[in-house]
Structures are given as C-alpha cells and as structure tokens.
Amino acid sequence: MKKIINDPEHAVQDMIKGLVAAYPQQLKQIKGTNVIIRKEAPVANKVGLVSGGGSGHEPAHAGYIGNGMLDAAVVGEVFTSPTPDQVLEAIKAVDSGAGVLLIIKNYTGDVMNFEMAAEMAEAEGIQVDKVIVNDDVAVENSTATTGRRGIAGTVLVHKIAGAMAEQGASLKEVKDIAEKVIAGVRSMGVATAACTVPAAGKQSFELAEDEMEIGIGIHGEPGIERKKLTSAAEIAQELTDKVLADLDFKDSEVAVMINGLGSTPEMELYIVNQTVQEILAEHEIKVSHTFVGEYMTALEMAGCSVTLLKVDKELKALLDAHSTALAFKM
Amino acid sequence: MKKIINDPEHAVQDMIKGLVAAYPQQLKQIKGTNVIIRKEAPVANKVGLVSGGGSGHEPAHAGYIGNGMLDAAVVGEVFTSPTPDQVLEAIKAVDSGAGVLLIIKNYTGDVMNFEMAAEMAEAEGIQVDKVIVNDDVAVENSTATTGRRGIAGTVLVHKIAGAMAEQGASLKEVKDIAEKVIAGVRSMGVATAACTVPAAGKQSFELAEDEMEIGIGIHGEPGIERKKLTSAAEIAQELTDKVLADLDFKDSEVAVMINGLGSTPEMELYIVNQTVQEILAEHEIKVSHTFVGEYMTALEMAGCSVTLLKVDKELKALLDAHSTALAFKM
Amino acid sequence: MDHLQVNHVYQWMKITNDKIQKNKEVLTSLDQAIGDGDHGINMARGFQEVMNKLDAENYEHVADMLKDIAMTLMSKVGGAAGPLYGTAFLKMSTRLKEQDATYKNFSQAITEAVNGVKQRGKAEIGEKTMVDVWAAVADQMSKESHFSAELIVNTAKEAMESTKEMMATKGRAAYLKERSVGHMDPGSVSSFYLFEALAEVIAEEG
Amino acid sequence: MDHLQVNHVYQWMKITNDKIQKNKEVLTSLDQAIGDGDHGINMARGFQEVMNKLDAENYEHVADMLKDIAMTLMSKVGGAAGPLYGTAFLKMSTRLKEQDATYKNFSQAITEAVNGVKQRGKAEIGEKTMVDVWAAVADQMSKESHFSAELIVNTAKEAMESTKEMMATKGRAAYLKERSVGHMDPGSVSSFYLFEALAEVIAEEG
Ligand SMILES: Nc1ncnc2c1ncn2[C@@H]1O[C@H](COP(=O)(O)OP(=O)(O)O)[C@@H](O)[C@H]1O
Ligand SMILES: Nc1ncnc2c1ncn2[C@@H]1O[C@H](COP(=O)(O)OP(=O)(O)O)[C@@H](O)[C@H]1O
Ligand SMILES: [Mg+2]
Ligand SMILES: [Mg+2]
Ligand SMILES: [Mg+2]
Ligand SMILES: [Mg+2]
C-alpha cells in the first residue's frame, strides 16, 4: 500500500484539518466532530441541506458545500457511514428554523445512521426530512433487497436541491425537487483497478491486467460482473445502454456526468464522453449539460461512471444556478 | 497497461472531441488542428493568451481556457510538445490585433516549437511575445544547462496573466505581470508511482512498494532522488523546505497550490496541505490563497507537488478576479 | 453461574475486544470479499472505544454498562454494523433495566436484541447477515434454563458457518447476489466472536 | 557513387523509417531511462509521415525532397527532436539548393545541418545529445573526399556509444545529471539509425 498519509487511523481527521485550512473563508469544522459546514451556516430562512457518508469519495461531500449547494457534510471514516451523533451535530448547526433535508445515498449503513439522527433531531424539535438517492442501475431495485445504490447521481441532487433551497423554497419544495431528480437520474460504473482503504492496507479486490469490473460501486466493493477489458467506446456503450434501458429517456433532454473514480486520467474520461455523446445523438436525446471530472470518487480506484439525468426547464435552470461549492462552481 | 481508450494513436484526438463535445458553449476546436480556443476568440482589443504543451497534463491546458484566463491551448501528443504549425494556428486564431503572449514551460521542445511559431507569426505581422515558466526547484537553474522546468506554477501564471489581459492591459503589461509571477513562484514534486504513456504501453519507470521519487517532473521522466517512502508530514516538509530555500519568502504573503499528479486521492492532498500550512505558519508566512486539487497532472502518476507564489496586493486581486475557465472558476 | 454480573460483562467485552483486534484482518478480508472491507476496522475501533469507556467508569448495574456499550458502539463504529450492534446492546440494556441478569432475563434480552436488529436493518433470518447468528443463539437460549458455554458457542459457530452458502439479500453483500455465495458474512463472524467470548466467560465461572 | 540523387534520398528515408519502426521500443526504452519515453513514438510517427509524403510526390531535385522531409518532421514529430531533425534537413536543403549533391556539397550540407542543430538547441558537443553523432559524422566526412559507407557507420556508431558515459547538460536528460550516465542518448541512437541507413544506400550503390 502506497499512501501519502501520516497514520491510517488519523487520515480522515488530518484530511479535514487540511481541507478547512485550505478554504477557511468558506468552510468550518464543528469542533470535536467530523462535520464540515458552510462558514455562514445557519443561513437565515433557508432550508439546511446535509449530506455525507464515508470519506474516500472526495471531493464528495465537503466539496459541495457552498452558496447554492450543501450546508453541511458529515464525514465518516473511509467508506464507513458516519454515526448518528455526528449527523445530529450537522443538522443542529445548519437549521435556521426552516428545516433540514438529509440527502442520503442508499446504503444500509447510511440510511440507518442518518435516520437515527433524524429521529433524534425531531425529538429536539427540529423539522427534518430526507431523500434517498439510488441511481446505480448496476444493482436491482426490488423490495426484497436493499435496492439500488446511490453513486455519482447524488451530486446532481446536491446541486439542484441546493439551488432550490438557496432560492428560499420550503422544506417540502426542496424535498420534492430532490425526489424529482432522484426519479430521473441513473448511473452505471466500471472499474479497471481497485483501491486500498488506508486502515485495511491491502486492495479491496484484484483485477488481472486485462480485466475490468462492470457495475462497480464507490466503496471498493466488487461490481456485478468481471470481464475482459474492452475499448473506451465499448465501455461507454455498455454503461450507457444499461442506463438507457432502465428509464425512458426517449425524446427528453438530459444532463450527462462522466465521473472519474480516482486514478483514471481526465483524458480517458473525455474519450468516454465522446462515445456517450454519440450514442445519445443516435437516440435523439438532446444534451443540456455535460460534466466531466472527478465528482464522486473511490480513493484511487481506476474507472468511471456514466450518469444521465432527465431535465426539463425547471431542472436546467436549477443546474445553471449560481454555486460557490469548491467542486461545483457555477 | 490498462487504459480506457480506443486506439493509443488516436487518444489525443478522441480526447479533444470528447472535451469540445462536453463544453460546446465555451470551447471550440480549430478544424484540422489540435488547437482548442475560447469560443468567442479573438476577443476584441484583448491580448490573446496561448499556452499548451504535450497532453497528459489535463486539466492543463484546455481547462484553463475561459474569460479571465487563456484564449487557446495547443495540445501536443502525450508528453510531446506540439509543433510550430499548430502553435501558429493558435496565435492567429486569438490575435485581435492587440498581440499575443505565449506562456511556455521550460522544456527544450516546448521552447523551440513555440519560438519557431512566434517567428512565423511575426513574419505574418502579428505582435507576439513569450514568457518561460521555470518554477521547479528540483532541477538547477544554471546557464550551462537547460534550466529549471515549468510545472504546476504555470497555472498561476495563466490565472494572473489572464486576469490582467481581461482587464484590457497591453501586451507589455501582460508580459510584465507574467514575469512577476514567474519570478515569485517555486514548486517541487514527488511521485509514488509512475505513469504509462498510452503509445509506449509500459510504465515510464518503476518504483518499489516502499519507494518514492523526489523532484519528479510531469512527463514521467525520473526525478532527482529515489528514497524510502516517508509520511505525508515528512514529504510536505521536504518539498516545502526545498521551495523555501530557493527563494526568500520571508515576511511575504503567499498563494499555495497542492497539486495532485493524477492518481493520488484528494484526501492525501489535503493531508499534505495540513503540514504545509503548519510549516508556513512556523515561518510566519501568511497564506492568502490555497488551491488543492489536480491542476497539472502526469496521466495517472501518483504523487503531488507543492507550489508557493509570493503575492502582493496586485497579484492577490488578479488571483481573485473572475474566471470562467473550467478548471479554475473564480 | 446463575446470573451475569458487572464483572462478567466487563470480561465479556474484554475478551470480545481481544478477539476482534486479533482477527481484524480476518474480518476485513471477509468484508473485502463481499462488502467494502471496513468491517474489521470498524469493529476494532468500536470495541477498543468500549473498553476505554468501561475502564474509565464504574458500574453498579449490568443495564447501565450495556447502555454505555450501546452508545459507544453507536457513536464509534459507523457503517451498518454500528447502528445494528448499538441497537442490540441498547435493547439488552432496556430489557435488563432494574433487573438482575438472570438466565431467563438475559436470554430474553438477547431475544429483544434480535428483534431490535431485525427491525433496524429490516432483515430476516436467512439473508446472510449478523441476524442469522443472533437469532440462532437467541432461539437456542430461549429453549434452555441455564447458561451453557458449549451450547452458545456451538450454536453461534454453526449459524456463522451457515451464512457461507447463503445468497445475500440485505446489506452491501446483496449487490453481489450469486457472487456472495461461498463467503461467510463478516457481521456473522464478528457476532460469533462476541458469543464465543460470552461462552468463555460462562465457562470460566463454571 | 559520386553524388546523391533523388532515388538515393528516397531509399535513405525508407531504410531509416524501417529501422525506426523496428526499433521504436528501443528508442522508447532509452528515452524512458533518461527522458520522458516518447522519442520512439515521435520518430516513428514523423518518419512514417515522411514516407507518406515522399510516396505522394515526385521530386526532381534533392533539395526539394530534403525540404519536404524537413517540413514534415517539423510538423509531425514535436518535442525536442522535431525542430532539431527538421532544422537539420532544412539546412541540408538550403545548402543543396540548385546544386548537385556531390560528395563535397553533401558533406558541407551535413556540416550546415550540425550548425543549425547546435544553434536551435543551444547545445555543444559532449552534452549527450544528437549533436554528438551529427558532429562526429560531419567532422569525419569533411576530412574525406568520397562517400564511404564504412566510415560513416563506424563514426556514427562510435559517437552514439560515446554518449553512454556522458553526463547530460542539455535536453530532458539534463535534469538527471549524474543519473543520466550509463544510458545512451535516445536522439543519438535515432541519429545513428539515420546514418546507418545512409551508409547502406552508399554501400548498395557501391
Ligand atoms: N440490513 C441489515 N440487517 C442486519 N445486518 C446487516 C444489514 N446490513 C448489513 N448487516 C451486517 O453488517 C455487516 C457489515 O458491517 P460493516 O462492514 O461494518 O458495514 P458496511 O456494510 O456499512 O460497510 C454485514 O456483514 C452484516 O452482517
Ligand atoms: N538542446 C538540445 N540540443 C540538441 N539535441 C537535443 C537537445 N535537447 C534534446 N535533444 C535531443 O532530443 C532527444 C529527445 O527527443 P524527444 O524525446 O523526441 O523530445 P523530448 O525531450 O521533448 O521528449 C534527446 O535524446 C537529444 O538527443
Ligand atoms: Mg462500509
Ligand atoms: Mg517529450
Ligand atoms: Mg463494510
Ligand atoms: Mg522524449
């Protein structure tokens, strides 16, 4: 394992210190916690937006804190959902009285910890609601199972719900728009190399020199199928086809996100984007926005994901709205 | 070699297509070339700014095109300086009559190719000037040798010269401010793993599981010293000490850039930043700006560099100026 | 032994923690195979904090001790295991509030724990989760009337091993579907350590 | 052979290209050792384009042919090698303009090429660059009065090999200082292929 860290046990805390030291005008750490909040939180009369989860997904989630996006990010240990007490601190810090929306990715741990925090906050008289993002079409959404996972599409939920909240919308309105995004967003990923959790000290899984893992998550958990590595065009086709098969995007406009998982060069993400755009053109699906970059990573995992979001006039305007978030400036 | 590409021979062209397809409102490719320009170029009465070099450094250089930064990026093959004819196309496309400044990193190839283009442009009656960035303190600056290399500090030259040009400054004024940045910017890098040039098909060098290469460049060329991998704090100390030893930063304010070389997770960059900020505080050097992220990469190389720039009121204002560049929005 | 006392619970946690620290890598590897590889790290962090807490406090009642264990796990483990282990101990604490941890009470406390975990995780028996081990132990204990080290450890072991051939439908391993078969569930293995430690305390007391 | 003709130059480029394509990986490895690993790729791309150009055109004069070679290398190779090889051929073309490529003229053209390369790259002999090979060949040729395959190839080879023990002070290898010692300079090796090819053309003609 090769990491530029000090002590694996303190990697997350060291990171938070380094992050807040870098952007002290924008970010603040709640003392004694792993919660990072917008400097000016709570923003008067604004619904507070709290997201978070395990760390290792940087720039998620603290990179999305800012005017027009999140108010707080709760940072767990690497790939480990943060605990309810931490989430509760975040809720309390960002509540201006207008209520707080929790944006949760659909993992058992995240859902349980955030829900417990919501219960505690409600007990303290804070109005809290939640949405659960589950954009990953690699895994099935059935009531008998855990359902689909939340991956890169979550960033678009942050952006759009954040813009809505910034405009002064009510908690219900912010939740409704977030649900609208969740209903229209789908993603699918691939990995060509695994990552190493610092405290684990060894790779999450191993891939041969000519293999890739289709349907990868963002926690170093294995994907759904191991295959021979193909070309960028074939990979783009496979991921996009899966996304298009899951939801009817016909005749809609879409926002596209090509997300790098960590160590895949931007060059390769753009090469993937080239094919994705061609496929969408073939399907006569018009593209309103494209975002190519590292938005939701899995440490130094290699690979990428393709996300499509159905957009209408309302969502396009919210996507375009001003944002000062470090990793999503608009 | 594991790459998400189609054909190594066409990787650069595929990338350019995917890039322009992603941001058609902002970027334009000059047909038949590997030159990317600002959509609205040439901007009337504005000095044109042209940068570029080999590809593989993404988001450099096209990510710095935008209002307040560059007008054109000339994209060479991977790690290979672009040819004079391509640079000439860029110069012609961005010249509004106010002249063009070339921002060149100090490599024999880049200097020769850009200079030849400048000569050709002058022959065509275009006013052209150039600056050569050489911020890398890992290599010596002596007249007997090639001099120091240009690495991540180049991005700050783009930003500041770009802001100056956007304000309507003359070619001389833009050049002078760029020279001021070059005089005050120093960097030093480290790699923990090499990268693979797609067409080469094998790693540029090999590092053992417990080794790092100090004084690394951004082209997969070896560094100046191979060592046992140390902690983030020790690495930060070594890089920062070298930078501080090269130029007198005492009592000045500085802008800090912690640049990831490709596959090093943002988490680790923030951990490095934590120590860098501590060291600067010890030296009573005040930090005006900090930028942590991937600004000047070397494909999927692992490692980072530390850059310090002496700033005064003028440079701080120019750093803060509005920019729409994809990879440096302000 | 006819009822669990504060010092027994302390020993239980101490032995559990020792086992978890010693087998941190085992748990991590199991979680890498079908999950995200953090279970060993999370449990090791959490149980170390439990020991720090117990060493720093004095307890008169088992229920108070169990409550602190619950709160520590809840706030230090994270992930799926944190709320689930936390809930288990919280339910045990509630059941034993102002009661002696007699065999009957303790056995019912374990049953309450199972119910709590099932509810929190919306999981049933056979879904390849820690529920499989806890439910098997609870079921076995409810059929007996006195502490039996051997029965507890055997039941837990068998239940843990049975998860190997199950296909996961809950938790992170559920994403792997068929590919989850052939590996034991990490949460079931850590739960086994917990019950093995309990059995050792019982055996020690005779 | 008393002077180089268009078909000789064509053959010269064809053999050079073959050698470079065949040894692309050798050049890449050499450049990986002390540079950035692209020299083989750059030269292979450039000389392939040269052949495409020469195959598409008809030439009457050697100078025109050399000019097209120069322009192609200049616009297709990139890096340091592109302008340097381009300059070398451009200088040769200029010297041979409206002249026959007699031994004397050609030998002077090579000398002009060396001067051009030195000027463009601000490099001198002994700095571990392609200048070392070009200058040695030019120097040797200026002492003779007729084409000698053997002398050219031996001189180029010796000069190429001499770069192994030099410490680079120009080009990318200069950053390595002492660490550059022990590896041949990639540009010197590609230059050797070029002169080896020239020698083969001369030998063929007798
Ligand atoms: N819904 C659930 N119900 C019961 N137990 C569960 C559930 N989901 C996960 N688990 C248990 O938690 C264990 C995983 O814990 P851990 O790795 O710490 O959390 P995470 O899955 O969040 O990384 C699994 O092995 C399983 O035993
Ligand atoms: N200043 C210079 N003068 C003469 N030759 C040089 C100079 N710099 C580099 N070279 C030659 O160019 C070769 C490297 O070419 P190449 O790898 O294609 O370019 P780059 O160094 O830009 O990657 C070196 O091996 C050396 O022979
Ligand atoms: Mg986890
Ligand atoms: Mg090069
Ligand atoms: Mg886990
Ligand atoms: Mg090279």
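Proteins get letters first, then strands, A, B, ... in listed order; numbering begins at 1 in each.
At distances below 3.5 Å, at least one donor-acceptor pair connects side-chain atoms of Asn6(B) with backbone N or O atoms of Ala233(A). The main-chain N or O of Val292(A) is found under 3.5 Å from a side-chain atom of Tyr23(B) such that the two form a donor-acceptor pair. Within the 3.5 Å criterion, the main-chain N or O of Lys17(A) finds no donor-acceptor partner in the side chain of Gln274(B).
For Ile5(A), the parts sitting under 4.5 Å from any heavy atom of chain B are the backbone and the side chain alike. Both the backbone and the side chain of Pro59(A) come within contact range of chain B, each with at least one heavy atom under 4.5 Å from a heavy atom of that chain. Interface remark: Glu278(B) contributes no atoms to any contact with chain A (heavy atom separation under 4.5 Å). Residue Val20(B) does not touch chain A at all, counting heavy-atom pairs closer than 4.5 Å. Looking at Thr297(A), neither its backbone nor its side chain comes within 4.5 Å of chain B, counting heavy atoms on both sides. Both the backbone and the side chain of Leu19(A) come within contact range of chain B, with heavy atoms under 4.5 Å apart. With a 4.5 angstrom heavy-atom cutoff, Val256(A) does not touch chain B via any of its atoms.
Interface summary for chain A: among Val287(B), Asp7(B), Leu299(B), Val12(B), the most heavy-atom pairs under 4.5 angstrom belong to Leu299(B). Counting heavy-atom pairs closer than 4.5 Å to chain B, the top residue among Ala302(A), Gly293(A), Gly18(A), Ala236(A) is Gly18(A). Ranking Lys2(B), Gln277(B), Glu300(B), Glu58(B) against chain A, the residue ahead of the rest is Lys2(B), based on heavy-atom pairs under 4.5 Å. Contact tally against chain A (heavy-atom pairs below 4.5 Å) for Cys304(B), Ala22(B), Gly260(B), Gly63(B): the top residue is Ala22(B). With chain A as partner, the option from Gly303(B), Ala11(B), Gly262(B), Ser263(B) having the largest number of non-hydrogen pairs under 4.5 angstrom is Ser263(B). For the options Glu234(A), Glu266(A), Glu211(A), Gln13(A), heavy-atom pairs under 4.5 Å to chain B are most numerous at Glu266(A).
For residues 194-209 of chain B, a heavy-atom distance under 4.5 Å to chain A picks out Leu207(B), Ala208(B), Glu209(B), given by residue number.
With rounding to the nearest 0.5 Å, the separation of CD1 in Ile16(B) from CD1 in Ile271(A) is 10.0 Å. In this structure, CG on Leu326(B) lies 11.0 Å from CZ on Phe291(A), to the nearest 0.5 angstrom. Rounded to the nearest 0.5 angstrom, Thr192(B) OG1 and Lys3(A) NZ are separated by 9.5 Å.
Of all the heavy atoms in Gly56(B) and Met267(A), the pair that sits closest is N-CE, 3.7 Å. Across all their heavy atoms, Thr290(A) and Ala21(B) have their closest contact at OG1-O, 4.4 Å. Scanning all heavy atoms of the two residues, the minimum distance from Gln25(A) to Ser288(B) falls at NE2-O, 4.2 Å. Between Ile4(B) and Ile235(A), the closest heavy-atom pair is CG2-CD1, 4.0 Å.
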